[in-house]
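A short write-up of the structure that comes next.
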Amino acid sequence: MSGDYSHNNNQIDCGPRNNDPHKHKEKHKEHKNKDHKKDKEREKSKHAISDHKDPSDKKHKDKEKMKHKEGNADKHKDKHRDKEKRKEVKSADGKVKKEKENGFSSPGHVKSEPEDDFYHSPKQEKTLKREREEDFESEFKPKKIKIENDKAKGKKRKQENEDVKPKKTKNNKKGEVADGKKKGKKEPEEKWKWWEEERYTDGVKWRFLEHKGPVFAPPYEAIPDHVKFYYDGKHMKLAPAAEEVSTFFGKMLDHDYTTKEVFRKNFFKDWRKEMTSEEKSKITDLKKCDFNEINDYFKAQSEIRKAKSKEQKLKLKEENERILQEYGFCLMDNHKERIANFRIEPPGLFRGRGDHPKMGMLKRRSRPEDIIINCSKDSKHPKPPPGTRWKEVRHDNKVTWLVSWTENIQGSIKYIMLNPSSRIKGEKDWQKYETARRLKKCVGRIRSQYHEDWKSKEMRIRQRAVALYFIDKLALRAGNEKEEGETADTVGCCSLRVEHINLYPEKDGQEFVVEFDFLGKDSIRYYNKVPVEKRAFKNLQLFMENKATEDDLFDRLNTSILNKHLQELMDGLTAKVFRTYNASITLQQQLKELTSPDENIPAKILSYNRANRAVAILCNHQRAAPKTFEKSMQTLQAKIDVKKDQLSDARRELKSSKADAKVRRDEKSKKTVETRKKTISRIEEQLMRMEVQATDREENKQIALGTSKLNYLDPRISVAWCKKWDIPVEKIYNKTQREKFAWALDMAEDDYEF
DNA sequence: AGAGCTACTTAGTAAGATCTTC
DNA sequence: GAAGATCTTACTAAGTAGCTCT
């Protein structure tokens, strides 16, 4: 069932986003999720028969796991306990810490004790009143490694720690100022292998966290007086508040956004709020506003920036590096970790995607008073800028964020979190793929289950089963409900409406075809024609009976119901796991199918990209064709033509030199033949490479590979493939990606099976 | 059950950096 | 060494999903 997604090919190339008339904002939800209590009761007992997991059952399972873990940790237990006590004391007094040159203070045990100390053994967790144990995959644990290295482990780890931290500290102490590059070279051997260590088994995310807080957006810098704003043809000097907002709009003049009515309306409304009463009374019509000089000014500024001398550019770069070094890292549980986004989002105009009702609204500047800091009690707290204060400083180690604030457009919370290379993100990522691998083991059972459910007497079960079929077969997203009028009108599986599908009992020689056409996440259009199984088709017809186009297709279903059901089928199973699973399994299959052993490296990489592409198509990861696409294609084609000419020239030359050699029969002419042969094979190779590149590029015109590579494909599949075929992993993953997937690079062998 | 809130992952775009070509 | 192409990174919006409260 999985793996054959060729039918998806036609969803690319079916027009740009947002261009189809999905204009229905008023949903009718009357019958959604009503009076299903009885159903629920029945459902429960039904599932109890097969492979159920009611809460008590789950607890048993958890206990089992715990035991297992204890067994694992057994060897270090005593040591653990001892140290644990010591640690408690330390963190209680809290101030046994040293100031370090890198600006971090740290608990006293940083240097002297191994990492293990930060990881509670399960026993201790129990004393910590954890209500709910997080679920850890048996395979997720570095079991193998542990067993293999068990004896050596203790020592090894200590060594590592001694290696890791002191060196890093030294690094910082030494010539840190300008040697970002040097560090890069040293780094690899210093890298901390968090994946070889015990993890927290409860909701605790860290024991110690220290950071320097966020970097704020630079204050508004007034535009020079000669840059004028005109209203109704007359120059008008605006007060700073309104002027700043005018620059936000002025900067965007070249952008499509500024022509959209909603954008203009929202902008104008919010802009007027920033005006003085005098300005407000004068400026009443956006059409009469002339921002052109502002626009020109910022363009010029950007030219100036580009034209700066090498020295100036270097200086800027160094300054950036300095800020990065100061604010871009935190200390979490003894390890210096990179922060992903340490800058507070600057003010500007909101750019919602698709048909967003709030586009153009003013995104306010965040002040320290809006910011919540999260860090260890016993860390050196970040200081707010002089004369200001934080909204709050809290010490919540059940979450991973360092800083948060509430954004004024949707009222949602924004966070500063760690880089994907960090332990905290990496572990989660690893776990995600382990869950998907567990799904692999039981997906057959789940599939036959939903096939069965298509026959159910209960509507809600049929709906659930068909929706799950879509999620599995087509890798659709779950489709949470969203607040109407607050965001663009987009849907996922559970929120599909009647208007989003068309049913064809027969189409293009195929039976039972469903045509999907809707806007998904980011208002990317999903268009696909899929033949489905008869029973699913009949069910869909049933679901659509007596419904208006704007009614929900699955009116008895939502993501929470679906996920609850999935949870019962497999521990940790949610709708999105299917996307991960199907993406990864498709990559693995495609790689097996497409890689031919005797091809050279570029050809193999083309195969890889094609496998990657199959996944991107499955997941509907589209991109706008690059602006320069046609041109770059042409230049490449031109180069190919030149090469072809070269090749035929070279062949001609070879012929003549061969003839020559036949006549002369001397060494020199033989040599000429040889060198010309070599030339030819070189040219052939180059030509091949270019042609491969052209194919690759053409096929990739509207497809974005990055998203699936970064978020859906188990990196161990790729690493194993590289090892198997002797492809340098650098050809597949760039530096950042290698950092993110360091765990996979380290642990996957050439025989890894997803 | 459902709303509201929170935390975290997934997403495409555009700016910036770097490489390539003439 | 400028221009253009391409790759990388930053940015931030928009999803998923869990939890709490009513």
Go through C/dA17, C/dG18, C/dT12 for me and flag the one nearest to the A/Asn480 side chain.
C/dA17
Looking only at side chains, do A/Asn620 and A/Gln622 share a donor and an acceptor under 3.5 Å apart?
yes
Run the ring-ring contact (aromatic ring centres under 6.0 Å, His included) test on A/His211 and A/Phe329 for me, step by step, so that the C-alpha distance in whole Å, both residues' side-chain angles and the decisive distance to 0.1 Å come before the verdict.
CA-CA 7 Å; A/His211 58 91; A/Phe329 295 85; over 10 Å; no
Checking all strands, does A/Gln410 fall into the base, sugar-phosphate, or nothing category for heavy-atom contacts under 4.0 angstrom?
sugar-phosphate
Scan nucleotides 14-19 of chain B against the protein and return all N/O pairs shorter than 3.5 Å with their distances rounded to 0.1 Å.
unit_1	atom_1	unit_2	atom_2	d
B/dA14	OP1	A/His255	NE2	3.4

Separation of atom NZ in A/Lys414 from atom C1' in C/dA13, rounded to whole Å:
6 Å
With a 4.0 Å cut-off on heavy atoms, is A/Lys709 in touch with a base, just the backbone sugar-phosphate, or nothing at all?
nothing
Quick one: A/Asp489 CG to C/dG15 P, roughly how many Å, whole number?
10 Å
OP1 or OP2 of C/dA14 sitting under 4.0 Å from any side-chain N/O of A/Lys482?
no
Residue set satisfying salt bridge (Lys or Arg N to Asp or Glu O under 4.0 Å) with A/Lys299, at least two apart, ordered chain then number -> A/Asp254
Base, sugar-phosphate, or nothing for A/Pro420, non-hydrogen atoms under 4.0 angstrom?
nothing
Using a 4.0 Å heavy-atom cut-off to protein, can you give one letter per nucleotide of nucleotides 3-10 of chain B, 5' to 3': B if the base is in contact, S if only the sugar-phosphate is, - if neither?
---SBBSB
What is the nucleic acid contact for A/Arg738, judged by heavy atoms within less than 4.0 Å: base, sugar-phosphate only, or nothing?
nothing
Would you kindly compare A/Asn563 and A/Gln737 by the position of their nearest DNA chain C nucleotide and give the one closer to the 5′ end?
A/Gln737
Base, sugar-phosphate or nothing for A/Ala340? Non-hydrogen atoms, less than 4.0 Å.
nothing
A/Asn563 and A/Thr574: side chain donor to acceptor below 3.5 Å:
no
Taking only residues two or more places apart in sequence or in another chain, which ones pass salt bridge (Lys or Arg N to Asp or Glu O under 4.0 Å) with A/Glu486?
A/Lys358
Side chain to side chain contact (heavy atoms under 4.5 Å, CB included) involving A/Ile323 - partner list, sequence neighbours excluded
A/Val215, A/Glu319, A/Tyr327, A/Phe342, A/Arg343
Sugar-phosphate, base or nothing in reach of A/Lys358, heavy atoms under 4.0 Å:
nothing
What's A/Gly352 touching, base or sugar-phosphate or nothing? Going by heavy atoms closer than 4.0 Å.
sugar-phosphate
Looking at residues at least two apart in the chain, or sitting in another chain, which of them share a side chain to side chain contact (heavy atoms under 4.5 Å, CB included) with A/Asn711?
A/Thr707, A/Lys740
Nearest-nucleotide check on DNA chain C, A/His356 vs A/Arg338; residue mapping nearer the 5' end is A/Arg338
Hits for salt bridge (Lys or Arg N to Asp or Glu O under 4.0 Å) against A/Arg364, two or more places apart or cross-chain, chain-then-number order -> A/Asp370
How is A/Gly520 classified with respect to the nucleic acid when contacts are heavy atoms under 4.0 Å: base, sugar-phosphate, or nothing?
sugar-phosphate
Using the salt bridge (Lys or Arg N to Asp or Glu O under 4.0 Å) rule, collect all pairs that involve residues 572-581 of chain A, keeping only residues at least two apart or in two chains.
none
Ring pair (Phe, Tyr, Trp, His ring centres under 6.0 Å): pairs with one or both residues in residues 694-715 of chain A, sequence neighbours excluded
A/His621-A/Tyr712
Answer yes or no: does a side-chain N or O of A/Thr559 lie under 4.0 Å from OP1 or OP2 of C/dT16?
no
Among C/dC11, C/dG15, C/dG18, find the nucleotide with the atom closest to the side chain of A/Arg343.
C/dC11
Distance in angstrom units between A/Arg353 CZ and C/dA14 P, rounded
6 Å
